[in-house]
S.K.: 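Okay, here's the structure, questions in a sec.
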Amino acid sequence: MDERFFARDVVAVAVDLLGARLLVSGIGGLIVETEAYRQDDEASHSFRGQTAGNAAMFGKPGRVYVYRSYGLHWCFNIVCERGSAVLIRALEPTHGLETMTARRAIGEARKLCAGPGNLCKALAITGDMNGLSVLADPFSLEAPSEVPASASGVRIGISKAAERPWRFAVKGSRYLSRLI
DNA sequence: TGAGTGATTTTCT
DNA sequence: GAAAATCACTCAG
C-alpha cells in the first residue's frame with residue numbers, strides 16, 4: 001500500500017478499500033463501509049473550492065482529512081485525487097476490542113465502529129490528525145488479502161446529490177452503520 | 001425491530 | 001444566520 005494506491009479515481013479507491021485493515025495505534029479492524037466524494041460533487045466539502053476548513057482535502061493522496069460533523073462528531077476521510085476523498089463509515093473491529101469498548105461505553109461489538117462518528121470515537125481519531133499521512137504513524141493500512149463481495153448504494157445523511165450510488169459496503173457484513 | 005426526533009457547534013455565505 | 005458526510009434515545013407495532 002503506497003501513495004499511488006490513492007492517486008486514482010476516488011470511486012475506484014473506495015471500492016478497493018473494502019476489506020482493507022485499518023489500525024490507529026494498533027487499534028482498528030477491517031473496512032466494511034466507505035463513501036466516495038469528488039470535487040465535482042455537490043455534497044462534497046471540496047465542491048466550492050479550497051477553504052481553511054477543507055485544505056487537507058486538497059493535499060497529497062494518502063493524507064487524512066478529519067472534520068467535525070454536526071458540531072459533535074469526527075469523520076475520517078482518506079484523500080485521493082486532488083479535491084476528492086473516501087469517507088470511512090464503518091469497520092469490523094478486530095484489534096483492540098477492549099479499548100474500543102471502553103471508549104465507546106457500549107458492549108455490542110457490531111456497533112463499535114458502525115458510523116463515522118462512532119468509528120472515530122472507538123479509534124480515538126480527532127481533528128489533531130487532520131493532514132497526517134495514512135501511510136505513516138500512528139496509522140496502519142494493509143491491502144485486503146482477499147477482495148470481499150461488495151455492494152453499492154445511496155449515500156447517507158446528505159441532501160445534495162444524494163442520488164449518486166457512491167456508498168460501498170462489504171456485502172452481508174453485520175458491522176454496517178445501516179444495511180445496504 | 002424499525003422509524004422518528006432532538007441535540008449541538010463549526011464553518012461558510 | 002443557516003446548513004451540515006450523525007448519534008442515541010424513545011415510542012409504536
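Within every chain, numbering begins at 1; the chains are lettered A, B, ... in the order of the sequence lines, protein sequences first and strands thereafter.
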S.K.: Picking from C:dT6, B:dT10, C:dA8, which would you name as closest to the side chain of A:Pro116?
M.R.: C:dT6
S.K.: Students often get this wrong, so: under 4.0 angstrom with heavy atoms, is A:Lys160 touching a base, only sugar-phosphate, or nothing?
M.R.: sugar-phosphate
S.K.: Output yes when a side-chain donor or acceptor of A:Arg89 lies under 3.5 Å from a complementary backbone atom of A:Thr34, and no otherwise.
M.R.: no
S.K.: How long is the line joining CG of A:Leu112 and C1' of C:dA8, in whole Å?
M.R.: 15 Å
S.K.: Using atom CD of A:Glu108 as one end and atom P of B:dT1 as the other, report the distance to the nearest whole Å.
M.R.: 10 Å
S.K.: Rounded to the nearest Å, what distance is computed from the OH atom of residue A:Tyr70 to the C1' atom of nucleotide C:dC9?
M.R.: 17 Å
S.K.: Please tell me which of the listed nucleotides, B:dT13, B:dC12, C:dA8, lies nearest to the side chain of A:Arg104?
M.R.: C:dA8
S.K.: Quick one: does A:Arg155's side chain have a donor or acceptor within less than 3.5 Å of a partner on A:Ala161's backbone?
M.R.: yes
S.K.: Taking atom C1' of C:dC7 as reference, at what distance in whole Å does atom CG of A:Leu72 sit?
M.R.: 7 Å
S.K.: State whether the side chain of A:Asn118 and the backbone N or O of A:Ala114 hold a donor-acceptor pair below 3.5 Å, judged by distance alone.
M.R.: yes
S.K.: If I take atom OH in residue A:Tyr67 and atom P in nucleotide B:dC12, what distance separates them, rounded to the nearest angstrom?
M.R.: 14 Å
S.K.: Taking A:Ser84 for the side chain and A:Glu81 for the main chain, is one N or O donor matched with an acceptor at less than 3.5 Å?
M.R.: yes
S.K.: CD1 of A:Ile156 versus C1' of C:dA8: gap in Å, rounded?
M.R.: 16 Å
S.K.: For B:dC12 and A:Thr51 - does any side-chain N or O of the residue sit under 4.0 Å from the phosphate oxygens OP1/OP2?
M.R.: yes
S.K.: So, the side chain of A:Asn77 versus the backbone of A:Ala85: is there a donor-acceptor pair under 3.5 Å, distance only?
M.R.: no
S.K.: Look at all strands and tell whether A:Arg48 reaches a base, only sugar-phosphate, or nothing, counting heavy atoms closer than 4.0 Å.
M.R.: sugar-phosphate
S.K.: So A:Asn54, base contact, sugar-phosphate only, or nothing? Heavy-atom distance under 4.0 Å.
M.R.: nothing
S.K.: For B:dC12, which nucleotide is its Watson-Crick or G-U wobble mate, given both distances must be under 3.5 Å?
M.R.: C:dG1
S.K.: Rounded to the Å, how far apart are A:Asn130 CG and B:dT10 P?
M.R.: 15 Å
S.K.: Given B:dT10, B:dC12, C:dT6, which nucleotide is nearest the side-chain atoms of A:Arg68?
M.R.: B:dT10
S.K.: From the options B:dC12, B:dT13, C:dC7, select the nucleotide whose nearest atom is closest to the side chain of A:His73.
M.R.: C:dC7
